[in-house]
Amino acid sequence: MEQTLVLIKPDGVQRGLIGNIISRFEQVGLKIVAMKMVHAEQEDVDQHYALTEEWMMAVFTKAKAKYDAEGKTFPYTDHKAYGGEIKRGLVDFLRSSPIVALVLEGEMAVSLVRKLVGATEPASSPAGTIRGDFSHDTYALSNEQSRPLRNLIHASGNVEEAKNEMAIWFTDVELHKYEHVNDRVQYDAKWFLPE
Ligand code: ADP
């Protein structure tokens with residue numbers, strides 16, 4: 001069974017969306033195995049958004065693709081400078097107010113949570129996703145204001161990332177092992193059979 005890390009960012013906390021966001025995960029049948037509110041330390045956020053070549057290129061390429069699709073000129077050419085600027089903004093943003101960290105467990109939890117979260121840019125994230133339903137921020141506006149997208153939430157991108165990120169935000173004793181009704185109703189092959 002997979003586990004994945006979610007952070008409700010300062011905009012989600014400030015806008016009173018903690019309950020709504022967590023409900024989405026409960027409703028789909030995921031099990032919450034860890035949860036806390038934290039005022040993030042600089043080194044935790046630094047580690048969480050590691051400034052790798054791959055990350056800077058991905059951030060640059062995704063934003064440029066959106067500008068291209070809208071027939072607009074992307075005003076940046078250097079992916080390192082662009083990525084570095086986004087990262088600095090993200091670190092400050094994530095430390096600007098408390099955030100909520102949680103670990104969710106379930107079958108294919110990593111991709112399931114990414115599906116529920118939606119696309120990086122809220123305005124182009126489909127209705128029904130967390131980012132699409134609760135925000136409408138755009139690359140254009142966030143770039144114009146030199147700040148990170150206010151997209152409410154972070155979710156791990158793959159299983160390895162999830163493991164690394166869980167270790168940043170939680171210690172082993174904070175990860176709870178307990179029986180949840182969904183362990184039977186969703187996953188126990190014998191659940192509906194008579195004893
Ligand atoms: P995601 O959170 O969808 O996995 P990334 O890992 O690519 O997205 O980026 C991390 C975070 O950095 C995003 O959630 C968003 O808050 C911010 N961000 C990424 N790209 C941009 C951008 N081009 N402009 C402003 N903020 C960005």
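Everything quoted here is computed from the prediction, not taken from an experiment. Both counts, for ligands and for their atoms, begin at 1 and track the order of listing.
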(Q) So if I count the atoms of ligand 1 from 1 in the order they appear, which ones are less than 4.0 Å from some heavy atom of Ala63? (A) 23 (N)
Q: Determine, using heavy atoms of Lys62 and all atoms of ligand 1, whether some pair is separated by less than 4.0 Å.
A: yes
Q.
Main chain of Asp46, side chain of Lys87: is a donor-acceptor contact present, judged purely on distance under 3.5 Å?
A. yes
Q. Would you say Ser23's side chain and Gly19's backbone share a donor-acceptor pair under 3.5 angstrom?
A. yes
Q.
List ligand 1 atoms under 4.0 Å from Ser142, heavy atoms only on the residue side.
A. 24 (N), 25 (C)
Q: Examine the proximity of ligand 1 to Arg114 and report which part, side chain or backbone, both or neither, has a heavy atom under 4.0 Å away.
A: side chain
Q: Please identify which atoms of ligand 1 are closer than 4.0 Å to at least one heavy atom of Val59.
A: 7 (O), 20 (N)
Q. Heavy-atom contacts under 4.0 Å between Val117 and ligand 1: side chain, backbone, both, or neither?
A. neither
Q) What protein heavy atom sits nearest atom 23 (N) of ligand 1, and how far away is it? A) Tyr82 OH, 2.6 Å
Q: Measure Arg150 to ligand 1 on non-hydrogen atoms and call it side chain, backbone, both or neither using the 4.0 Å cut-off.
A: neither
Q: Could you tell me the residue and atom name of the protein heavy atom closest to atom 11 (C) of ligand 1, and the distance to it rounded to 0.1 Å?
A: Leu90 CD1, 3.8 Å
(Q) Donor-acceptor pair, distance only, cut-off 3.5 Å: does the side chain of Lys9 make one with the backbone of Phe93? (A) no
Q: Check the side chains of Ser97 and Gln14 for a donor-acceptor pair under 3.5 angstrom, ignoring hydrogens and angles.
A: yes
(Q) What protein heavy atom lies closest to atom 26 (N) of ligand 1? Include the residue and the distance to one decimal. (A) Leu149 N, 2.9 Å
Q | Numbered atoms and elements of ligand 1 in range of Tyr139, under 4.0 angstrom, heavy atoms | A | 21 (C), 22 (C), 23 (N), 24 (N)
Q. What atoms of ligand 1 come closer than 4.0 angstrom to any heavy atom of Asn151?
A. 13 (C), 14 (O), 15 (C), 16 (O)
Q) Linking I/L/V/M/F/W/Y whenever their side-chain heavy atoms sit closer than 4.5 Å, directly or via other members, would Met37 and Leu17 fall into one cluster? A) yes
Q. Any N or O on Pro148 sitting closer than 3.5 Å to an N or O of ligand 1?
A. no
Q: Heavy atoms only: give me the nearest Leu51-Met56 pair and the separation to one decimal.
A: CD1-CG, 3.6 Å
Q.
With a heavy-atom distance limit of 4.0 Å, tell me whether Phe60 approaches ligand 1 through its side chain, its backbone, both, or neither.
A. neither
Q: Look at ligand 1 and say whether Trp55 reaches it with a heavy atom at a distance under 4.0 Å.
A: yes
Q | Subset of ligand 1 atoms that lie under 4.0 Å from at least one heavy atom of Thr120 | A | 1 (P), 3 (O), 8 (O), 13 (C)
Q.
Could you tell me if the side chain of Pro122 sits less than 4.5 Å from the side chain of Leu149, heavy atoms only?
A. yes
**Q.** Intermediate values then yes/no, salt bridge (charged side-chain N to carboxylate O under 4.0 Å, His left out), Asp137 and Arg131
**A.** CA-CA 9 Å; Asp137 198 16; Arg131 286 171 173 168; over 6 Å; no
Q: Please check if the side chain of His176 supplies one atom and the backbone of Tyr178 the other of a donor-acceptor pair under 3.5 Å.
A: no
Q: Pick one of side chain, backbone, both or neither for how Ile86 approaches ligand 1, counting any non-hydrogen atom pair under 4.0 Å.
A: side chain
**Q.** Geometric class of the Trp55/Tyr49 ring pair [parallel <30°, tilted 30-60°, perpendicular >60°]
**A.** tilted
Q: Consider ligand 1: state whether an atom of it lies below 4.0 angstrom from any non-hydrogen atom of Glu121.
A: no
Q: Treat each ILVMFWY residue as a node, draw an edge where side-chain heavy atoms are under 4.5 Å apart, and state whether Ile168 and Val103 are in one component.
A: yes
Q: Pick one of side chain, backbone, both or neither for how Arg131 approaches ligand 1, counting any non-hydrogen atom pair under 4.0 Å.
A: side chain
Q) Under 4.0 Å from ligand 1, counting heavy atoms only, is it the side chain of Arg147, its backbone, both or neither? A) backbone
Q | Tyr49 neighbourhood, listing ligand 1 atoms whose heavy-atom distance to it stays under 4.0 Å | A | 10 (C)
Q: Output yes when a side-chain donor or acceptor of Ser125 lies under 3.5 Å from a complementary backbone atom of Ala119, and no otherwise.
A: yes
Q | Parallel, tilted or perpendicular: ring planes of Phe60 versus Tyr82, cut at 30 and 60 degrees | A | perpendicular
